Amino acid sequence: MRKNVIAGNWKMNKVAAEAEKFVADTKDKVPSTAKVESVVCAPFLYLQSLVKQSEGTDLKIAAQNMHYEENGAFTGEVSPSMLKDIGVTYVVLGHSERRELFAETDETVNKKAHAAFKHDLTPIVCVGETLEQRESNQTMDVVSEQVKKGLAGLTDNQVKATILAYEPIWAIGTGKTASSEQANEVCTHIRKVVAETFSTDAAEAVRIQYGGSVKPANVDELLAQSDIDGALVGGASLEADSFLQLVEAGAK
Ligand code: 13P
């Protein structure tokens with residue numbers, strides 16, 4: 001039985017007081033159960049204070065990106081050791097916005113995944129196709145390649161601890177959700193790729209989230225699918241009430 005992971009990705013939203021209010025409003029209300037992990041992916045600036053604020057609760061704090069090097073001349077970057085040092089436990093890697101707007105590649109995602117494990121951070125590795133790729137029937141190939149390259153060289157145990165997020169780019173922020181069958185079809189395929197590349201044990205254990213216009217109204221149907229183990233949520237994770245409804249759905 002895989003534990004659902006509901007992660008709210010705030011992206012570049014909220015000022016400090018709003019971030020703190022959100023955590024104050026949710027940290028003692030997220031379900032404390034073996035069925036769901038509740039995660040908030042916040043901008044770098046707020047990570048340290050949000051980690052402190054949520055200490056001792058079931059609300060976990062994630063970074064939205066990091067560099068793969070420990071330190072050095074990388075102006076504007078944040079390293080895995082810095083995240084570990086302030087108590088961050090998860091990190092989103094290879095989000096499509098980073099791939100499309102900030103030149104993230106499968107190779108850098110892979111370096112970052114290795115760096116995450118070196119520092120005991122759980123990576124949430126994002127994959128997903130563009131609308132053009134979907135319409136030309138390339139979805140499965142694109143996603144396979146992203147999974148294989150992104151996870152290359154990880155051990156079976158590391159793969160088991162990885163969270164994958166399938167986020168079709170055409171469904172992000174568009175209000176256009178993949179149907180739960182469409183989403184599950186790709187997640188099932190991803191699990192097959194993990195089985196073939198690593199092992200059936202790794203494929204059984206790895207959690208695969210769906211992301212793209214997830215909201216309280218459609219989350220139950222998505223989570224009811226055989227290969228969907230949670231959600232990575234943008235817009236609908238910005239309000240505490242909506243986030244709490246999503247994590248409650250994950251705990252059912
Ligand atoms: P939306 O839920 O706003 O579509 O964003 C999805 C996403 O990109 C989460 O990482």
Side-chain angles (χ1 to χ4, degrees), residues 4-14 18-19 22 26 36-44 46-47 50 59-66 88-102 104 109 112-113 116 121-131 133-134 139 142-143 146-147 150 162-180 182-184 186-187 190 207-223 225 228-250:
N4 281 326
V5 189
I6 303 292
N9 177 10
W10 288 351
K11 309 190 180 184
M12 197 176 72
N13 289 293
K14 295 191 186 293
E18 291 166 343
F22 180 101
T26 55
V36 72
E37 277 162 48
S38 308
V39 182
V40 162
C41 315
F44 286 131
Y46 313 139
L47 292 174
L50 299 188
L59 184 67
K60 304 298 167 206
I61 306 297
Q64 298 175 9
N65 179 36
M66 67 177 188
V88 167
T89 40
Y90 299 73
V91 60
V92 178
L93 301 178
H95 191 280
S96 60
E97 287 148 19
R98 302 243 30 114
R99 292 178 188 260
E100 289 201 318
L101 305 172
F102 301 99
E104 188 82 80
V109 170
K112 292 177 181 191
L121 298 164
T122 299
I124 301 177
V125 176
C126 305
V127 299
E129 81 286 4
T130 62
L131 183 58
Q133 289 164 336
R134 173 157 285 263
T139 299
V142 167
V143 167
Q146 289 172 332
V147 170
T162 298
I163 298 166
L164 288 165
Y166 168 56
E167 298 205 308
I169 294 168
W170 48 272
I172 295 179
T174 57
K176 224 180 182 185
T177 328
S179 70
S180 40
Q182 272 176 325
N184 196 51
V186 182
C187 292
I190 290 172
R207 269 98 50 88
I208 308 177
Q209 297 174 306
Y210 167 76
S213 300
V214 177
K215 43 188 183 280
N218 60 20
V219 69
D220 286 333
E221 201 188 325
L222 288 159
L223 294 181
Q225 300 295 315
I228 300 180
D229 312 310
L232 185 56
V233 187
S237 75
L238 290 170
E239 296 298 329
D241 280 355
S242 166
F243 177 73
L244 286 171
Q245 286 179 51
L246 295 166
V247 295
E248 287 297 342

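Hydrogens, waters and symmetry mates are skipped; everything else that's a heavy atom, side chains included, is used. Because the structure is predicted, anything quoted here is derived from the model rather than measured. We count ligands from 1, going down the list as the structure has it; atoms in each ligand are counted the same way.
- Distances below 4.0 Å separate heavy atoms of G235 from the following atoms of ligand 1: 1 (P), 2 (O), 3 (O).
- Nearest protein heavy-atom neighbour of atom 5 (O) of ligand 1: K11 NZ, 3.3 Å.
- Under the 6.0 Å cut-off for aromatic ring centres, F22 and W10 qualify, their centroids lying closer than that.
- Note on ligand 1: A236 sits outside its first shell, no heavy atom being nearer than 4.0 Å.
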Subject >> Worked verdict on K60 versus E37 for salt bridge (charged side-chain N to carboxylate O under 4.0 Å, His left out) >> reply: CA-CA 8 Å; K60 304 298 167 206; E37 277 162 48; over 6 Å; no

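- The two residues F44 and A63 come nearest to each other via the heavy atoms CE2-CB, 4.0 Å.
- Taking CD1 from I61 and CG from L59, the interatomic distance works out to 4.5 Å, rounded to the nearest 0.5 Å.
- By the 4.0 Å heavy-atom criterion, K215 is excluded from the residues contacting ligand 1.
- A donor-acceptor distance shorter than 3.5 angstrom exists from the side chain of N218 to the backbone of S213, with no hydrogens or angles considered.
- Near A171, meaning under 4.0 Å from one of its heavy atoms, ligand 1 places the atoms 4 (O).
- Each of the following atoms of ligand 1 lies closer than 4.0 Å to a heavy atom of N9: 9 (C), 10 (O).
- Applying the 4.0 Å criterion to heavy atoms of G234 picks out, from ligand 1, the atoms 1 (P), 2 (O), 3 (O), 5 (O), 6 (C), 9 (C).
- A distance-only check finds no donor-acceptor pair linking the side chain of E100 to the backbone of E97 [under 3.5 Å].
- Atoms of ligand 1 found under 4.0 Å from any heavy atom of H95 (numbered from 1 in listed order, with element): 7 (C), 8 (O), 9 (C), 10 (O).
- Proximity of L232 to ligand 1, defined as any heavy-atom pair under 4.0 Å, is shared by backbone and side chain alike.
- Of all heavy-atom pairs between Q182 and R134, the closest is NE2-NH1, 3.7 Å.
- Close N/O approach between S213 and ligand 1 is found [any backbone or side-chain N/O within under 3.5 Å].
- Shown here is E18, whose CD atom has more than 12 heavy atoms of other residues, nucleotides or ligands within 6.0 Å.
- Atom numbering of ligand 1 starts at 1 in the shown order; those under 4.0 Å from a heavy atom of G173 are 1 (P), 3 (O), 4 (O).
- Of all atoms in ligand 1, listed by their number and element, those nearer than 4.0 Å to a heavy atom of E167 are 6 (C), 7 (C), 8 (O), 9 (C), 10 (O).
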